[in-house]
Asker: 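Mind looking over this structure? Questions follow.
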Number of protein chains: 2
Amino acid sequence: MSSLDPATIEKLQTWLKVVSDPKRLRIINLLMEGVQCNCELGERLQMPRNLISHHLGVLRQAGLVEVERDMLDARWVYYSINRAALDELNAVFDAFFNPDRIQPRHPACGPQSVQEQISEIKFIEP
Amino acid sequence: MSSLDPATIEKLQTWLKVVSDPKRLRIINLLMEGVQCNCELGERLQMPRNLISHHLGVLRQAGLVEVERDMLDARWVYYSINRAALDELNAVFDAFFNPDRIQPRHPACGPQSVQEQISEIKFIEP
DNA sequence: CATATAATTCAATTTAAATTGTACTATATT
DNA sequence: AATATAGTACAATTTAAATTGAATTATATG
């Protein structure tokens with residue numbers, strides 16, 4: 001299909017904004033590798049826990065990551081990728097950036113849109 | 001594959017930053033529909049030509065859109081999606097957010113990582 | 001109960017980018 | 001040659017978000 005639902009575009013826009021931050025992209029990259037505890041994220045990314053917590057909050061609010069507390073010691077928190085959200089992100093992204101959506105040119109303004117008429121006139125005029 | 005090339009991640013990060021801006025996403029959306037003349041973009045998006053020009057410049061610098069001048073009147077400029085860049089964007093995005101990359105959990109810190117030993121000790125202790 | 005730890009929250013600051021307004025360039029038209 | 005037009009470039013402003021530092025919560029441990 002050529003046209004896209006405005007709601008879909010808005011959803012994509014929200015997710016892209018969340019995901020486009022360099023630090024968050026690196027966090028996601030680590031979570032994809034299965035790393036989950038907050039402390040290891042901070043160590044591997046060389047970031048204060050503050051900041052990790054902030055970015056994880058943004059990712060969580062967007063529904064991209066899930067949270068789980070340690071059963072033995074509730075002080076520890078583990079993060080993981082939300083598989084369903086990931087699937088939806090992929091679906092929306094693919095739908096929007098699908099190359100098949102590209103339509104042939106049809107400029108609605110400028111001389112090109114009336115090129116034929118101009119050519120005809122040129123033959124008639126001196 | 002589970003791991004990703006750092007250069008690939010950086011490339012994705014750059015593109016995501018370019019594409020995550022709401023206005024630019026809407027511009028891309030129109031360009032996908034084949035609209036190309038600058039003036040129509042400005043009209044349909046209710047944006048000053050200034051700003052359209054700025055965002056198109058960002059998109060162009062990222063290689064995502066191409067520029068073409070009118071043959072009959074060189075004042076007019078037409079923009080279009082760069083198909084090759086679009087394909088690459090899709091490839092990089094799909095590689096990064098591929099759900100198959102998600103690994104099973106293996107927290108490297110916290111009590112969970114030593115849960116078995118704790119259980120053993122519990123049986124020994126009074 | 002007092003202390004330590006993992007994480008979060010809040011306020012203040014810094015940083016980056018979008019937006020706006022104006023001036024400029026290039027081309028075309030009369 | 002003078003004027004109009006499409007688009008761009010630049011400087012100033014505004015806006016949004018990341019970052020930082022300090023304070024707070026909740027749980028665990030001695």
Side-chain angles (χ1 to χ4, degrees), chain A residues 13-27 35-43 45-62 65-79 107-115 118 121-122 125, chain B residues 13-27 35-43 45-62 65-79 107-115 118 121-122 125:
Chain A
Q13 186 232 285
T14 302
W15 270 337
L16 284 180
K17 182 153 260 168
V18 168
V19 151
S20 65
D21 180 84
K23 302 280 175 64
R24 285 197 286 269
L25 199 63
R26 294 186 67 193
I27 289 175
V35 180
Q36 288 179 332
C37 54
N38 207 338
C39 58
E40 195 174 355
L41 288 174
E43 248 188 45
L45 296 178
Q46 296 281 71
M47 290 164 58
R49 292 179 182 174
N50 257 3
L51 200 47
I52 296 273
S53 209
H54 163 68
H55 285 307
L56 282 171
V58 174
L59 290 169
R60 194 181 50 199
Q61 193 160 16
V65 308
E66 288 173 321
V67 189
E68 190 184 355
R69 286 197 169 271
D70 194 294
M71 294 166 290
L72 302 171
D73 187 337
R75 288 175 302 180
W76 297 77
V77 177
Y78 302 105
Y79 290 94
C109 51
Q112 285 221 336
S113 61
V114 288
Q115 186 171 356
I118 290 173
I121 292 169
K122 272 188 176 169
E125 285 190 311
Chain B
Q13 185 233 285
T14 302
W15 270 337
L16 284 180
K17 181 153 262 168
V18 167
V19 152
S20 66
D21 180 83
K23 303 281 175 65
R24 285 198 285 269
L25 199 64
R26 295 186 66 195
I27 289 176
V35 180
Q36 288 178 332
C37 54
N38 207 338
C39 59
E40 196 174 354
L41 288 174
E43 250 188 45
L45 296 178
Q46 294 282 68
M47 290 165 59
R49 293 177 181 173
N50 259 2
L51 200 46
I52 296 274
S53 207
H54 164 68
H55 285 308
L56 282 171
V58 174
L59 290 169
R60 194 181 49 196
Q61 193 160 16
V65 308
E66 286 174 322
V67 189
E68 188 183 358
R69 287 198 167 269
D70 194 296
M71 293 166 291
L72 301 170
D73 188 336
R75 288 175 303 180
W76 298 75
V77 178
Y78 302 106
Y79 289 95
C109 51
Q112 285 220 337
S113 60
V114 288
Q115 186 172 354
I118 291 174
I121 292 170
K122 271 187 177 168
E125 285 189 313

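None of these values were measured; they are calculated from a predicted model. Residue numbers begin at 1 in each chain, while the letters A, B, ... track the order of the sequences.
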Asker: Output the distance between atom CG (Leu59(B)) and atom CD1 (Ile52(B)), rounded to the nearest 0.5 Å.
Answerer: 10.0 Å

Asker: OP1 or OP2 of dA7(C) less than 4.0 angstrom from a side-chain nitrogen or oxygen of Arg69(A), does that happen here?
Answerer: no

Asker: Which part of the nucleic acid, if any, lies within reach of Asn50(B) when heavy atoms closer than 4.0 Å are counted: base, sugar-phosphate only, or nothing?
Answerer: base

Asker: Can you measure Leu41(A) atom CG to dA6(C) atom P for me and round it to whole angstrom units?
Answerer: 15 Å

Asker: Does a nitrogen or oxygen in the side chain of Arg75(B) sit under 4.0 Å from OP1 or OP2 of dT25(C)?
Answerer: no

Asker: Whole-Å distance between dA17(D) P and Lys17(B) NZ?
Answerer: 12 Å

Asker: For Arg60(B), check salt bridge (Lys or Arg N to Asp or Glu O under 4.0 Å) against everything at least two apart and list the hits.
Answerer: none

Asker: Using the side-chain heavy atoms of His55(B), tell me which of these nucleotides is nearest: dA18(C), dT8(D), dT27(C).
Answerer: dA18(C)

Asker: Using the side-chain heavy atoms of Leu51(B), tell me which of these nucleotides is nearest: dT20(C), dA17(D), dT8(D).
Answerer: dT20(C)

Asker: Taking 4.0 angstrom as the limit, do Arg75(B) and Asp73(B) come out as a salt bridge?
Answerer: yes

Asker: Would you mind classifying the nucleic acid contact of His54(A) as base, sugar-phosphate or nothing, using non-hydrogen atoms under 4.0 angstrom?
Answerer: base

Asker: Quick one: is Lys23(A) getting a side-chain N or O under 4.0 Å of the dA17(D) phosphate, OP1 or OP2?
Answerer: no

Asker: Can you see if the side chain of Tyr79(B) gets near the phosphate of dT8(D) - specifically, an N or O under 4.0 Å from OP1 or OP2?
Answerer: yes

Asker: Go through the steps to decide whether Asp70(A) and Tyr78(A) satisfy the test side-chain hydrogen bond (donor to acceptor under 3.5 Å, both in side chains), and finish with yes or no.
Answerer: CA-CA 7 Å; Asp70(A) 194 294; Tyr78(A) 302 105; 2.5 Å; yes

Asker: Should the heavy atoms of other residues, nucleotides or ligands under 6.0 Å from CD of Glu43(B) be counted, would the total exceed 12?
Answerer: no

Asker: Taking CG from Leu25(A) and C1' from dA18(D), how many angstroms apart are they, rounded to a whole number?
Answerer: 16 Å

Asker: Nearest whole angstrom, please: distance from the P of dA26(C) to the CG of Asn38(B).
Answerer: 18 Å

Asker: What is the separation between atom CG on Asp70(B) and atom P on dT5(D), rounded to the nearest whole Å?
Answerer: 17 Å

Asker: Taking for each residue the nucleotide of DNA chain D bearing the nearest heavy atom, is the 5' side occupied by Val77(B) or by Met47(A)?
Answerer: Val77(B)

Asker: Gln46(B) has an atom CD; how far is it from atom C1' of dA18(C), in whole Å?
Answerer: 18 Å

Asker: Just the rounded figure in Å: distance from P of dA7(C) to CD of Glu43(A).
Answerer: 12 Å

Asker: Report the residue (Pro48(A) or Cys39(B)) whose heavy-atom-nearest nucleotide on DNA chain D is the more 5′ of the two.
Answerer: Cys39(B)

Asker: Starting at CG of Leu16(A) and ending at P of dA17(C), how long is that distance when rounded to a whole Å?
Answerer: 17 Å

Asker: Among the nucleotides dT27(C), dA17(D), dT8(D), which one has an atom lying closest to any side-chain atom of Asp73(B)?
Answerer: dT27(C)

